[in-house]
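Note sheet for the following structure.
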Amino acid sequence: MPELPEVETTLRGIKPHVAGQCLRGAVVRVQKLRWPVPPNLSELVAGQTVDDITRRGKYLLLHLTGQTLMLHLGMSGSLRIVPDEIPVGKHDHVDLLLDGKRLRLTDPRKFGAVLLLDHDPYASPLLAGLGVEPLSAELTGDGLRSRARGRFVAIKNFIMDQKVVVGVGNIYASEALFRSGINPLRACNSLDSKEWNRLVGDIRHVLTEAIAAGGTTLQDFTGSDGRPGYFRQELRVYGREGEPCSRCGAAIVQEKIGQRSSFFCPDCQK
DNA sequence: AAATTCTCCTGAAGGC
DNA sequence: TGCCTTCAGGAGAATT
(Lines give C-alpha, C1' and ligand atoms only; values in the text may rest on other atoms or scores of the structure.)
Protein backbone atom coordinates (compact mmCIF):
# COMPACT_ATOMS: atom_id res chain seq x y z
CA MET A 1 0.00 0.00 0.00
CA PRO A 2 1.87 3.02 -1.16
CA GLU A 3 2.32 5.45 1.69
CA LEU A 4 4.94 8.17 1.79
CA PRO A 5 7.98 5.85 1.86
CA GLU A 6 6.76 3.86 -1.13
CA VAL A 7 5.98 7.00 -3.12
CA GLU A 8 9.34 8.49 -2.19
CA THR A 9 11.10 5.26 -3.19
CA THR A 10 9.28 5.40 -6.52
CA LEU A 11 10.21 9.03 -7.01
CA ARG A 12 13.90 8.39 -6.41
CA GLY A 13 13.83 5.40 -8.73
CA ILE A 14 12.19 7.06 -11.70
CA LYS A 15 13.61 10.56 -11.42
CA PRO A 16 16.93 9.84 -13.17
CA HIS A 17 15.03 8.35 -16.11
CA VAL A 18 12.34 10.97 -16.39
CA ALA A 19 13.65 14.38 -15.36
CA GLY A 20 14.82 16.40 -18.33
CA GLN A 21 13.27 13.99 -20.82
CA CYS A 22 10.90 15.02 -23.57
CA LEU A 23 7.57 13.21 -23.62
CA ARG A 24 6.74 11.70 -27.01
CA GLY A 25 3.21 10.87 -26.02
CA ALA A 26 1.25 8.44 -23.90
CA VAL A 27 -0.73 5.22 -24.18
CA VAL A 28 -3.96 5.08 -22.21
CA ARG A 29 -5.35 1.54 -22.11
CA VAL A 30 -7.68 1.95 -19.18
CA GLN A 31 -9.30 5.29 -18.60
CA LYS A 32 -11.36 4.37 -15.59
CA LEU A 33 -9.11 4.91 -12.63
CA ARG A 34 -10.09 6.96 -9.57
CA TRP A 35 -10.91 9.75 -11.95
CA PRO A 36 -11.06 9.42 -15.73
CA VAL A 37 -7.65 9.63 -17.36
CA PRO A 38 -7.82 12.25 -20.12
CA PRO A 39 -8.47 10.15 -23.26
CA ASN A 40 -6.37 12.48 -25.37
CA LEU A 41 -3.53 12.50 -22.85
CA SER A 42 -1.04 11.58 -25.55
CA GLU A 43 -1.60 14.65 -27.69
CA LEU A 44 -1.80 16.85 -24.61
CA VAL A 45 1.62 15.89 -23.30
CA ALA A 46 3.49 15.18 -26.53
CA GLY A 47 6.43 17.50 -27.00
CA GLN A 48 6.51 18.70 -23.41
CA THR A 49 9.67 18.35 -21.37
CA VAL A 50 9.60 16.99 -17.85
CA ASP A 51 11.37 19.86 -16.12
CA ASP A 52 11.25 18.21 -12.73
CA ILE A 53 9.49 15.54 -10.74
CA THR A 54 8.52 16.07 -7.12
CA ARG A 55 6.33 14.61 -4.42
CA ARG A 56 3.62 16.26 -2.36
CA GLY A 57 2.16 13.87 0.18
CA LYS A 58 1.41 10.69 -1.71
CA TYR A 59 1.12 12.52 -5.04
CA LEU A 60 3.85 12.57 -7.65
CA LEU A 61 4.06 15.72 -9.73
CA LEU A 62 5.68 15.75 -13.15
CA HIS A 63 6.27 19.40 -13.89
CA LEU A 64 5.96 19.72 -17.65
CA THR A 65 6.64 22.71 -19.83
CA GLY A 66 3.18 24.20 -19.46
CA GLN A 67 1.24 21.84 -17.25
CA THR A 68 1.63 19.42 -14.37
CA LEU A 69 0.96 15.72 -14.65
CA MET A 70 -0.23 14.45 -11.30
CA LEU A 71 0.04 10.77 -10.43
CA HIS A 72 -1.30 8.87 -7.45
CA LEU A 73 -0.64 5.20 -6.79
CA GLY A 74 -3.81 4.54 -4.86
CA MET A 75 -3.32 1.38 -2.87
CA SER A 76 -1.92 -1.01 -5.44
CA GLY A 77 -0.23 1.18 -8.00
CA SER A 78 3.38 1.09 -9.08
CA LEU A 79 5.46 2.95 -11.63
CA ARG A 80 8.28 1.32 -13.51
CA ILE A 81 10.62 2.22 -16.28
CA VAL A 82 10.23 -0.45 -18.95
CA PRO A 83 11.68 -0.96 -22.44
CA ASP A 84 9.38 -0.32 -25.39
CA GLU A 85 9.29 -3.95 -26.41
CA ILE A 86 8.09 -5.36 -23.09
CA PRO A 87 4.72 -7.16 -23.21
CA VAL A 88 1.68 -5.37 -21.80
CA GLY A 89 0.17 -6.89 -18.66
CA LYS A 90 -3.44 -6.96 -17.62
CA HIS A 91 -3.13 -4.04 -15.21
CA ASP A 92 -0.77 -1.84 -17.21
CA HIS A 93 -3.14 1.07 -17.63
CA VAL A 94 -1.02 4.02 -18.73
CA ASP A 95 2.41 4.42 -20.36
CA LEU A 96 4.23 7.72 -20.69
CA LEU A 97 6.48 7.50 -23.71
CA LEU A 98 10.08 8.59 -23.34
CA ASP A 99 12.90 8.03 -25.80
CA GLY A 100 13.25 4.27 -26.23
CA LYS A 101 11.55 3.46 -22.95
CA ARG A 102 8.42 4.21 -21.06
CA LEU A 103 7.11 5.00 -17.60
CA ARG A 104 4.40 2.45 -16.94
CA LEU A 105 1.61 2.69 -14.38
CA THR A 106 0.43 -0.71 -13.20
CA ASP A 107 -2.50 -0.72 -10.79
CA PRO A 108 -4.63 -3.84 -10.22
CA ARG A 109 -7.20 -2.09 -8.05
CA LYS A 110 -7.52 1.05 -10.11
CA PHE A 111 -7.53 3.42 -7.17
CA GLY A 112 -4.67 5.38 -8.66
CA ALA A 113 -4.95 8.56 -10.68
CA VAL A 114 -3.41 10.29 -13.68
CA LEU A 115 -4.51 13.88 -13.98
CA LEU A 116 -3.27 16.80 -16.01
CA LEU A 117 -3.37 20.14 -14.21
CA ASP A 118 -3.12 23.57 -15.72
CA HIS A 119 -1.84 26.59 -13.89
CA ASP A 120 -0.59 26.27 -10.34
CA PRO A 121 -0.93 22.63 -9.27
CA TYR A 122 -0.71 23.50 -5.59
CA ALA A 123 -3.87 25.54 -5.93
CA SER A 124 -5.81 22.54 -7.23
CA PRO A 125 -8.44 21.19 -4.87
CA LEU A 126 -6.56 17.93 -4.37
CA LEU A 127 -3.39 19.60 -3.17
CA ALA A 128 -4.54 22.87 -1.66
CA GLY A 129 -5.83 21.41 1.57
CA LEU A 130 -3.01 19.00 2.28
CA GLY A 131 -1.31 19.06 5.65
CA VAL A 132 2.34 19.35 6.54
CA GLU A 133 5.12 17.22 5.11
CA PRO A 134 6.24 14.89 7.90
CA LEU A 135 9.90 14.91 6.92
CA SER A 136 10.07 18.69 6.93
CA ALA A 137 10.47 21.08 9.83
CA GLU A 138 6.80 21.99 9.39
CA LEU A 139 5.83 18.96 11.43
CA THR A 140 6.01 19.82 15.11
CA GLY A 141 4.40 18.50 18.25
CA ASP A 142 3.00 21.92 19.01
CA GLY A 143 1.53 22.21 15.54
CA LEU A 144 -0.28 18.91 15.79
CA ARG A 145 -1.44 19.64 19.30
CA SER A 146 -3.10 22.84 18.22
CA ARG A 147 -4.69 21.12 15.22
CA ALA A 148 -6.12 18.48 17.55
CA ARG A 149 -7.61 20.95 19.99
CA GLY A 150 -11.34 20.44 20.34
CA ARG A 151 -11.32 17.24 18.35
CA PHE A 152 -12.09 13.78 19.62
CA VAL A 153 -11.22 11.54 16.70
CA ALA A 154 -8.92 8.61 17.50
CA ILE A 155 -5.25 9.56 17.35
CA LYS A 156 -4.64 6.94 14.68
CA ASN A 157 -7.25 8.47 12.40
CA PHE A 158 -5.93 11.93 13.16
CA ILE A 159 -2.40 11.21 11.98
CA MET A 160 -3.77 9.44 8.89
CA ASP A 161 -5.81 12.54 7.98
CA GLN A 162 -4.03 13.98 4.95
CA LYS A 163 -5.34 17.43 5.81
CA VAL A 164 -3.33 17.27 9.03
CA VAL A 165 -0.13 15.54 7.98
CA VAL A 166 0.49 13.90 4.63
CA GLY A 167 1.93 10.53 3.78
CA VAL A 168 1.08 8.53 6.89
CA GLY A 169 -1.14 5.61 5.93
CA ASN A 170 -2.49 2.62 7.75
CA ILE A 171 0.77 0.74 8.19
CA TYR A 172 2.99 3.54 9.42
CA ALA A 173 0.28 4.99 11.66
CA SER A 174 0.18 1.74 13.63
CA GLU A 175 3.97 1.52 13.67
CA ALA A 176 4.54 5.08 14.83
CA LEU A 177 1.98 4.78 17.63
CA PHE A 178 3.55 1.55 18.81
CA ARG A 179 6.95 3.16 19.00
CA SER A 180 5.47 6.06 20.93
CA GLY A 181 3.63 3.80 23.35
CA ILE A 182 0.33 5.52 22.56
CA ASN A 183 -2.92 3.58 22.24
CA PRO A 184 -4.37 4.22 18.76
CA LEU A 185 -7.88 4.59 20.17
CA ARG A 186 -7.01 7.57 22.36
CA ALA A 187 -8.86 10.77 21.53
CA CYS A 188 -6.42 13.02 19.72
CA ASN A 189 -7.00 15.93 22.11
CA SER A 190 -5.93 13.81 25.08
CA LEU A 191 -2.23 13.75 24.24
CA ASP A 192 0.06 15.98 26.25
CA SER A 193 2.98 17.95 24.83
CA LYS A 194 5.49 15.29 25.66
CA GLU A 195 3.45 12.67 23.83
CA TRP A 196 3.00 14.88 20.78
CA ASN A 197 6.72 15.51 20.58
CA ARG A 198 7.47 11.86 20.94
CA LEU A 199 4.91 10.91 18.30
CA VAL A 200 6.27 13.45 15.83
CA GLY A 201 9.73 12.01 16.31
CA ASP A 202 8.51 8.46 15.83
CA ILE A 203 6.52 9.33 12.70
CA ARG A 204 9.67 10.84 11.21
CA HIS A 205 11.77 7.96 12.37
CA VAL A 206 9.58 5.19 10.98
CA LEU A 207 9.10 6.94 7.64
CA THR A 208 12.81 7.62 7.30
CA GLU A 209 13.73 4.05 8.13
CA ALA A 210 11.15 2.75 5.68
CA ILE A 211 12.51 4.92 2.88
CA ALA A 212 16.00 3.63 3.62
CA ALA A 213 14.67 0.07 3.27
CA GLY A 214 13.00 0.86 -0.05
CA GLY A 215 9.49 0.84 1.39
CA THR A 216 7.24 -1.96 2.57
CA THR A 217 6.13 -4.70 0.23
CA LEU A 218 3.00 -6.51 1.41
CA GLN A 219 1.55 -7.88 -1.78
CA ASP A 220 2.85 -6.44 -4.95
CA PHE A 221 4.53 -3.13 -4.31
CA THR A 222 7.84 -2.88 -6.10
CA GLY A 223 10.16 0.01 -6.54
CA SER A 224 10.70 1.38 -9.99
CA ASP A 225 13.45 -1.17 -10.55
CA GLY A 226 11.09 -4.02 -9.79
CA ARG A 227 12.64 -4.90 -6.46
CA PRO A 228 10.43 -5.19 -3.39
CA GLY A 229 10.81 -3.02 -0.31
CA TYR A 230 12.39 -4.56 2.72
CA PHE A 231 10.74 -2.68 5.55
CA ARG A 232 8.18 -5.42 6.09
CA GLN A 233 10.59 -7.30 8.32
CA GLU A 234 10.96 -4.18 10.44
CA LEU A 235 7.24 -3.88 11.16
CA ARG A 236 6.68 -4.38 14.86
CA VAL A 237 2.90 -4.57 15.05
CA TYR A 238 1.32 -4.34 11.60
CA GLY A 239 0.11 -7.78 10.52
CA ARG A 240 1.43 -9.35 13.71
CA GLU A 241 -1.77 -10.03 15.64
CA GLY A 242 -1.23 -12.79 18.20
CA GLU A 243 2.53 -12.45 18.13
CA PRO A 244 4.35 -11.31 21.25
CA CYS A 245 5.05 -7.60 21.62
CA SER A 246 8.73 -6.95 21.01
CA ARG A 247 8.81 -4.75 24.09
CA CYS A 248 6.71 -6.50 26.74
CA GLY A 249 5.74 -9.87 25.29
CA ALA A 250 1.96 -9.37 25.44
CA ALA A 251 0.00 -10.57 22.42
CA ILE A 252 -0.46 -7.94 19.72
CA VAL A 253 -4.13 -7.31 19.01
CA GLN A 254 -5.91 -6.35 15.81
CA GLU A 255 -8.92 -4.08 15.94
CA LYS A 256 -10.82 -1.99 13.42
CA ILE A 257 -10.56 1.72 13.96
CA GLY A 258 -12.49 3.81 11.49
CA GLN A 259 -12.93 0.92 9.05
CA ARG A 260 -9.20 0.22 9.02
CA SER A 261 -7.50 -2.67 10.71
CA SER A 262 -5.15 -1.50 13.36
CA PHE A 263 -2.52 -3.31 15.34
CA PHE A 264 -1.20 -2.47 18.77
CA CYS A 265 0.08 -3.82 22.05
CA PRO A 266 -2.70 -3.66 24.65
CA ASP A 267 -0.20 -3.54 27.49
CA CYS A 268 2.45 -1.02 26.60
CA GLN A 269 0.42 1.37 24.45
CA LYS A 270 -1.43 3.55 26.92
C1' DA B 1 -17.67 21.63 11.79
C1' DA B 2 -16.59 17.14 12.92
C1' DA B 3 -17.15 12.37 12.75
C1' DT B 4 -18.72 8.35 10.49
C1' DT B 5 -20.07 5.54 6.68
C1' DC B 6 -20.11 4.46 1.88
C1' DT B 7 -17.84 3.79 -2.40
C1' DC B 8 -14.71 2.65 -6.10
C1' DC B 9 -11.75 -2.15 -7.64
C1' DT B 10 -9.63 -6.81 -7.92
C1' DG B 11 -6.80 -10.52 -6.04
C1' DA B 12 -6.00 -13.36 -2.13
C1' DA B 13 -7.70 -16.18 1.35
C1' DG B 14 -11.08 -18.73 3.81
C1' DG B 15 -15.38 -21.60 4.12
C1' DC B 16 -18.18 -25.32 2.62
C1' DT C 1 -12.05 -28.66 -7.74
C1' DG C 2 -14.87 -24.73 -7.48
C1' DC C 3 -17.96 -21.32 -6.23
C1' DC C 4 -19.20 -17.97 -2.84
C1' DT C 5 -18.07 -14.61 0.76
C1' DT C 6 -15.01 -11.63 3.10
C1' DC C 7 -11.20 -8.71 3.43
C1' DA C 8 -7.54 -5.36 2.23
C1' DG C 9 -7.14 -0.19 1.74
C1' DG C 10 -6.48 5.73 -0.14
C1' DA C 11 -9.36 9.08 0.13
C1' DG C 12 -13.25 11.74 -1.88
C1' DA C 13 -18.24 11.81 -1.43
C1' DA C 14 -22.25 11.24 1.06
C1' DT C 15 -24.46 11.00 5.36
C1' DT C 16 -25.22 11.61 10.24
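Worth saying up front: this structure is predicted, and the values here are computed from it rather than measured. Here is how names work: the chains are called A, B, and so on, in the same order as the sequence lines, proteins then strands, and each is numbered from 1.
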_Side-chain N or O of K32(A) versus OP1/OP2 of dC9(B): is the shortest distance under 4.0 Å?_
yes
*Under 4.0 Å between a Lys/Arg side-chain N and an Asp/Glu carboxylate O for D52(A) and K15(A)?*
yes
*Nearest-angstrom distance from the residue atom CZ of R109(A) to P of dC9(B)*: 13 Å
*Would K156(A) and N183(A) count as having a side-chain donor-acceptor pair, cut-off 3.5 Å?*
no
*Using the ring of F178(A) (Phe, Tyr or Trp, six-membered ring only), decide whether R247(A) places NZ or CZ under 6.0 Å from its centre and within 45 degrees of its axis.*
yes
*Can a salt bridge be assigned to the pair R55(A) and E133(A) using a cut-off of 4.0 Å between side-chain N and carboxylate O?*
yes
*Between Y59(A) and H72(A), how do the two ring planes meet: parallel, tilted or perpendicular, split at 30° and 60°?*
perpendicular
Using a cutoff of under 3.5 Å, can you pull out all pairs of nitrogen or oxygen atoms linking the protein to nucleotides 10-12 of chain C, with atom names and distances?
from: dG10(C); atom 1: N7; to: R260(A); atom 2: NH2; distance (Å): 2.6
from: dG10(C); atom 1: N2; to: R34(A); atom 2: NH2; distance (Å): 3.4
from: dA11(C); atom 1: OP1; to: H72(A); atom 2: NE2; distance (Å): 2.6
from: dA11(C); atom 1: OP2; to: K58(A); atom 2: NZ; distance (Å): 2.8
from: dA11(C); atom 1: N6; to: R260(A); atom 2: NH2; distance (Å): 2.7
from: dA11(C); atom 1: N3; to: R34(A); atom 2: NH2; distance (Å): 2.9

*asked:* Among R29(A), R24(A), R80(A), which residue satisfies the salt bridge (charged side-chain N to carboxylate O under 4.0 Å, His left out) criterion with D95(A)?
replied: R29(A)
Can you give me the N/O atom pairs linking the protein to nucleotides 2-4 of chain B at distances under 3.5 Å, or say none if there are none?
from: dA3(B); atom 1: OP1; to: F152(A); atom 2: N; distance (Å): 2.4
from: dA3(B); atom 1: OP1; to: V153(A); atom 2: N; distance (Å): 3.2
from: dA3(B); atom 1: OP2; to: R151(A); atom 2: NE; distance (Å): 2.6
from: dA3(B); atom 1: OP2; to: R151(A); atom 2: NH2; distance (Å): 2.9

*Taking NZ from K156(A) and C1' from dG9(C), how many angstroms apart are they, rounded to a whole number?*
10 Å
_Count I, L, V, M, F, W, Y as connected when their side-chain heavy atoms are under 4.5 Å apart, and connections chain through other members. Are I14(A) and V7(A) then in the same cluster?_
yes
*asked:* Tell me the interatomic distance from E6(A), atom CD, to dA8(C), atom C1', rounded to whole angstroms.
replied: 15 Å
*Would a distance-only check, ignoring hydrogens and angles, find a side-chain to backbone donor-acceptor pair under 3.5 Å from Q269(A) to P266(A)?*
no
_Measuring to OP1 and OP2 of dG9(C), would you say a side-chain N or O of S261(A) lies under 4.0 angstrom away?_
yes
